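Everything on this sheet refers to the single structure shown next.
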2 protein chains.
Amino acid sequence: MSTAPAPGPLPDEQGSRHGPPDGRAVGFLLSQLGLVVSRQFAEVIAATGLEPREFALLRAIAGAEGSTQNAMSDRLGIPASTLVAVVDHLEAGGFLERHTHPLDRRSRTLHVTEQGRATLASAMRLAMGYEQQLCGDLAPEERAVLLDLLDRLASRVGVTEGVHPGLTSGASDPSCGPLA
Amino acid sequence: MSTAPAPGPLPDEQGSRHGPPDGRAVGFLLSQLGLVVSRQFAEVIAATGLEPREFALLRAIAGAEGSTQNAMSDRLGIPASTLVAVVDHLEAGGFLERHTHPLDRRSRTLHVTEQGRATLASAMRLAMGYEQQLCGDLAPEERAVLLDLLDRLASRVGVTEGVHPGLTSGASDPSCGPLA
DNA sequence: TATTGTTATACTCTATAACTATA
DNA sequence: TATAGTTATAGAGTATAACAATA
């Protein structure tokens, strides 16, 4: 699947009245902003040694201590084979540990270490700081309005709450089909 | 550069008042929406045989007929070596032609064919249709408000109008630095 | 010697599918 | 026979640098 961006705003064609009345495109802006915000977010939390999806996984485990890799794979939409590498890296960094499941020795349960929790908290603070900075020009009511509008687009477009499509295996993703 | 997505919304930590008051994150929503919208847009215009960046290039050339590859490379922020493949594909599809520059035989000027123009117009209609569908739940004033808010975020975050960061070479991109 | 376009190389990312050890 | 995790392999995409033709 090509994850290539939308190519530009959509100026009116003279005469035809199909397009937006102002020649600007919500889709293009979202595509631009989404990419830039993702990159900047990655830069911001890089100070903690975490990549975004490692942060996401660590947070998910912290909220469901002792889950198996399989469970996490399902929950985050990350293919099992991909998850292995992420867990490897987090374990090598001392952020989490694998234990063998007491009842099923095929399974590994995942546990956040003390260092993992500290790092997670620190990454959380950085993330919230970035959110504040990103919205620094917006009055609180404006931010509320923006959140509402984005939420409506998100539900229209078929985005699952809290699950990022970038972590999901894209090819067989139905939400990625012709149109929602 | 990792273009990995932001990992999730940001629930309040009890006590500390650094985060958003509602536990939802504009950054995360933008990251989610941007990716999904990009994918859907690609699906929508795929009917024309164009990929998003081919669409972008074809549009740019149509608006600056006879430009050289170098000029286009600069303008869109696509590395010259990458542009070659895109132009190759567009030329093979009959959408544009390379001519040798009359004054400098190193340079190739780019020209949209008749078929290219027809296809471009068709892709444009599809794109505008997608924009309409995307914003179908929004009243016109709401859409105007959304555009205004997104524009303000975009300028704050350092997004160049009409230039998509996904086309730009990410590594050496200053707008991708620690923070804007 | 510098520049345009091209090609070659290397590197990252990811998905598919084989493989192991348990069940 | 089926499942959890792992490893291996192959493909897409892209950036870097070498290259040929021209200036």
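What you see is a predicted model; the values in this text were computed from it and never measured. Here is how names work: the chains are called A, B, and so on, in the same order as the sequence lines, proteins then strands, and each is numbered from 1. For the numbers below, each heavy atom of this structure counts, side chains included, while hydrogens, waters and symmetry mates do not.
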Distance below 4.0 Å between R53(A) side-chain N/O and dT14(C) OP1 or OP2: yes

N/O (side chain, R108(A)) to phosphate O (OP1/OP2, dT3(D)) under 4.0 Å: no

Treating [X] as the side-chain partner and [Y] as the backbone partner, does any N or O pair qualify as donor plus acceptor under 3.5 Å?
X: T109(B); Y: H101(B); result: no
X: Q69(B); Y: S107(B); result: no
X: E54(B); Y: E51(B); result: yes
X: T113(B); Y: F95(B); result: yes

Letter per nucleotide, 5' to 3', of nucleotides 7-12 of chain D [B base touched, S only sugar-phosphate touched, - untouched; heavy atoms, 4.0 Å]: B-----

Cationic N near anionic O, under 4.0 Å, D137(A) to R156(B): yes

NZ/NE/NH1/NH2 to OD/OE distance under 4.0 Å, R108(A) and E97(A): no

Atom pair CG (L153(A)) and CD (Q32(B)), whose distance is rounded to the nearest 0.5 Å: 12.0 Å

Value rounded to 0.5 Å, distance of CG in L35(A) from CG in L30(B): 11.5 Å

Residues in contact with DNA chain C, drawn from residues 60-71 of chain B - heavy-atom cutoff 4.0 Å: T68(B), Q69(B), N70(B)

Length of the line joining [X]:[atom1] and [N]:[atom2], which is rounded to integer Å:
X: I78(B); N: dG13(D); atom1: CD1; atom2: P; result: 14 Å
X: H89(B); N: dG13(D); atom1: NE2; atom2: C1'; result: 14 Å
X: E51(A); N: dT12(C); atom1: CD; atom2: P; result: 12 Å
X: L83(A); N: dG5(D); atom1: CG; atom2: C1'; result: 10 Å
X: H101(B); N: dT4(C); atom1: NE2; atom2: C1'; result: 12 Å
X: L103(A); N: dT3(D); atom1: CG; atom2: C1'; result: 16 Å
X: L167(A); N: dC13(C); atom1: CG; atom2: P; result: 14 Å
X: M72(A); N: dA4(D); atom1: CE; atom2: C1'; result: 15 Å

Near-ring test H164(A)/F28(B), centroid separation under 6.0 angstrom: yes

Any N/O donor-acceptor pair, R106(A) side-chain to dT3(D) base, under 3.5 Å: yes

